[in-house]
Every structure is written in C-alpha cells, then in structure tokens.
Student: 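Let me begin by handing over the structure; questions about it come next.
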Amino acid sequence: MRKLTYFVACSVDGFIGDVTGDATAMLSYVDEEFFDFLKTEYPETLPTHGRRPLGIDDLPNRRFDTIIQGRASYDLALKEGVTSPYAHLRQYVASRTLAESPDPDVEIIADGLLDKVRALKAEDSDLDIYLCGGSRLAGELCDEIDELVIKTYPLVYGTGMPMFGAGLDVARFSFGGVRSFGNGAVVRTYGRER
C-alpha cells in the first residue's frame, strides 16, 4: 500500500503560516544548502512553474507521483495564473467550493475525500502521495497520514494556522530521523504507528 505523506513547512511553534495562512516569511530559509536538499531528496515537491526557470524541470520524481492539496493551497497558484502547479504529478484538489477545475490536469474532489484517498493509497505504484496542505485538509485526513516530513524553520509566529485543523484524536508517530541545516532549519520525519 502506498503512503500518504504530509510534507509541510512550519514555524518552531507549529504554525504553517500566519492567521491568514501566509507562509512567505519561511521562504527566506530556502538557501542554497536547503534548496540542494529539496532538489536531491524531494524534487517533485517543487512546483513546475518554479522548476522550469531554474532549469530543473527534468528532475525525476523520487518519492511521489500524486499530490493532494486543499483549495487555499491551490489558490496560491491560481492567483499567479498557474492552473496546473504540479504538472509533473497527478493532481487533486480537495474543495467543496470550486465547482469545476480550471485545468484538465487537475481533478477536483468535492465529495468522498476519504474514499478517494484510500483508493489512491491502494493503487499499485512504487511512489507515494504528497499531501500539500493545508491545515483543515490535514486534519480531515489525519487518520490516513502514514508519514510526516516536517520542515521546521527558526521562526515564531505566536499565532497562526496550525499544522492540523482542530478536532483530532491523539495520533502516534515514531521518530524516523532529523537533518539540520546551517540556516537553523531542521527536517524531521515520522512514521505512523499502526
């Protein structure tokens, strides 16, 4: 069975953005060392429209072949006029308010989100599924998340959008490893205890 991996950036106090969801303050930590890590270990998590200008559009997918994101995450790309932000992956957007997809390569999941995620996990593939936020979506899918990859930046928001929306039961994960960077960022991995 394929894994659903919540690959997420957060502050040291556990917020994935400020109260409006804006996480641009974290971008300053994507320096050369951290960017090399992303290119090497998680190249498919870099959006297509960012990969092309950097000349890394030909990097193969290493871990994921499918992405699920929430409406707010998808809206960030739409605001830039990008309708297919992860063209190198199969793209799904969980949204009850987006009536139809603005791009034929992006499928909208309006109903039956858990069933769809379970069907994707049951597919025969060597690559996994990338859960790309946001908070509410991660909360809804918490029981289906098999792995956490948390990129923690040395910022404190004080208040903001939590990693998981409220209303969750306790979920246990086992520590998988940590990597630290010269800029103070750390990447921690955890596997679901089932």
Side-chain angles (χ1 to χ4, degrees), residues 1-18 21-23 26-27 29-30 34 37-38 40-47 61-77 85-86 88-95 106-107 109 112-123 125-153 155 157 160-179 181 185-194:
M1 179 154 307
R2 303 197 314 150
K3 291 187 297 190
L4 178 64
T5 299
Y6 188 23
F7 183 84
V8 63
C10 74
S11 62
V12 293
D13 54 346
F15 295 110
I16 63 174
D18 66 15
D22 183 2
M26 296 182 200
L27 293 176
Y29 292 96
V30 183
F34 198 81
F37 162 75
L38 291 174
T40 304
E41 298 295 324
Y42 296 93
E44 61 273 74
T45 64
L46 300 168
N61 295 344
R62 291 183 38 87
R63 298 177 189 254
F64 309 115
D65 64 6
T66 304
I67 184 171
I68 300 172
Q69 58 184 321
R71 169 73 189 265
S73 296
Y74 186 51
D75 277 347
L76 295 174
Y86 293 91
H88 51 285
L89 299 171
R90 218 170 13 147
Q91 303 170 84
Y92 296 92
V93 174
S95 175
V106 177
E107 183 178 325
I109 306 171
L113 176 63
L114 283 175
D115 289 337
K116 183 65 173 182
V117 168
R118 289 174 181 148
L120 291 170
K121 288 174 70 171
E123 291 177 345
S125 175
D126 293 333
L127 299 175
D128 294 320
I129 304 159
Y130 168 28
L131 177 58
C132 176
S135 176
R136 199 169 358 158
L137 180 60
E140 286 181 45
L141 294 176
C142 186
D143 289 342
E144 294 299 320
I145 294 173
D146 303 293
E147 181 181 47
L148 299 171
V149 179
I150 305 169
K151 303 170 289 175
T152 305
Y153 300 111
L155 292 171
Y157 279 100
M161 186 174 290
M163 285 178 53
F164 290 92
L168 302 175
D169 291 331
V170 173
R172 294 191 179 274
F173 289 81
S174 297
F175 179 67
V178 65
R179 178 164 175 187
F181 297 85
V186 295
V187 176
R188 297 169 289 151
T189 60
Y190 298 90
R192 180 60 156 252
E193 291 183 7
R194 298 230 188 246

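These numbers come from a predicted model, not from an experiment. Residue numbers count from 1 along this sequence.
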Student: Less than 4.5 Å apart, side chain to side chain, heavy atoms only: is that true for Ile150 and Cys10?
Tutor: yes
Student: Could you pull out the closest heavy-atom pair between Gly134 and Ser73, with the gap in Å?
Tutor: N-OG, 3.8 Å
Student: Would Arg62 pass as a cation-pi partner of Tyr42, given that its NZ or CZ must be under 6.0 Å from the six-membered ring centre and within 45 degrees of the axis?
Tutor: no
Student: Looking at residues at least two apart in the chain, or sitting in another chain, which of them share a ring-ring contact (aromatic ring centres under 6.0 Å, His included) with Phe15?
Tutor: none
Student: Assess whether a salt bridge exists between Arg90 and Glu107, defined as any Lys/Arg side-chain N lying under 4.0 Å from an Asp/Glu carboxylate O.
Tutor: no
Student: Could you state the interatomic distance from CD1 (Ile129) to CG (Leu120), rounded to the nearest 0.5 Å?
Tutor: 5.0 Å
Student: Would you mind reporting whether Arg179 and Lys151 have side-chain heavy atoms less than 4.5 Å apart?
Tutor: no
Student: Check whether any side-chain heavy atom of Arg192 lies under 4.5 Å from a side-chain heavy atom of Asp143, and answer yes or no.
Tutor: yes
Student: Are the aromatic rings of Tyr190 and Phe173 close, with centres under 6.0 Å apart?
Tutor: no
Student: From Leu141 CG over to Leu114 CG, what is the distance, rounded to the nearest 0.5 angstrom?
Tutor: 6.0 Å
Student: Ignoring hydrogens, what is the shortest heavy-atom contact between Phe164 and Gly139? Give both atom names and the distance.
Tutor: CD2-N, 4.0 Å
Student: Is there side-chain contact between Arg2 and Asp65, with at least one heavy-atom pair below 4.5 Å?
Tutor: yes
Student: Which heavy atom of Cys142 sits nearest a heavy atom of Leu168, and at what distance?
Tutor: CB-CD2, 3.8 Å
Student: To the nearest 0.5 Å, what is the distance between CD1 on Ile16 and CG on Asp22?
Tutor: 11.5 Å
Student: Answer yes when Lys121 and Glu144 have at least one side-chain N-carboxylate O distance shorter than 4.0 Å, and no when they do not.
Tutor: yes
Student: Any chance you could measure Tyr130, atom OH, to Glu147, atom CD, to the nearest 0.5 Å?
Tutor: 13.0 Å
Student: Would you check if Val106 and Tyr74 make a side-chain contact, meaning some heavy-atom pair closer than 4.5 Å?
Tutor: yes
Student: Where is the tightest heavy-atom contact between Tyr86 and Leu46, given as atom of each residue plus distance?
Tutor: CE2-C, 4.0 Å
Student: Would you check, one step at a time, whether the test side-chain contact (heavy atoms from CB on, under 4.5 Å) holds for Phe37 with Val187?
Tutor: CA-CA 10 Å; Phe37 162 75; Val187 176; 3.8 Å; yes
Student: Please tell me if the side chains of Asp146 and Arg194 come closer than 4.5 Å, counting only heavy atoms from C-beta onward.
Tutor: yes
Student: Please enumerate all residues that pass side chain to side chain donor-acceptor pair (under 3.5 Å) together with Tyr29, with sequence neighbours excluded.
Tutor: none
Student: What I want to check is whether the side chains of Thr152 and Arg188 have a donor and an acceptor closer together than 3.5 Å.
Tutor: yes
Student: Looking only at heavy atoms, which two atoms of Ala94 and Leu113 are closest? And how far apart?
Tutor: CB-CD1, 4.0 Å
Student: Taking all non-hydrogen atoms of both residues into account, name the closest pair between Ser95 and Arg71 and its distance.
Tutor: OG-CD, 3.7 Å
Student: Does the side chain of Thr5 come under 3.5 Å of the side chain of Asp128 through a donor N or O and an acceptor N or O?
Tutor: no
Student: Check the pair Leu127, Asn61 against side-chain contact (heavy atoms from CB on, under 4.5 Å), reporting the backbone distance first and the verdict last.
Tutor: CA-CA 8 Å; Leu127 299 175; Asn61 295 344; 4.2 Å; yes
Student: Do Tyr153 and Phe34 touch side chain to side chain, with heavy atoms closer than 4.5 Å?
Tutor: yes
Student: Just by distance, do the side chain of Ser135 and the backbone of Pro162 share a donor-acceptor pair under 3.5 Å?
Tutor: yes
Student: To the nearest 0.5 Å, how far apart are CD in Gln69 and SG in Cys132?
Tutor: 5.0 Å
Student: So Val8 and Met163, side-chain contact (heavy atoms from CB on, under 4.5 Å) or not? Walk me through it.
Tutor: CA-CA 8 Å; Val8 63; Met163 285 178 53; 3.9 Å; yes
Student: Less than 4.5 Å apart, side chain to side chain, heavy atoms only: is that true for Tyr92 and Thr66?
Tutor: yes
Student: How far does CD1 of Ile68 sit from CG of Leu89, to the nearest 0.5 angstrom?
Tutor: 11.5 Å
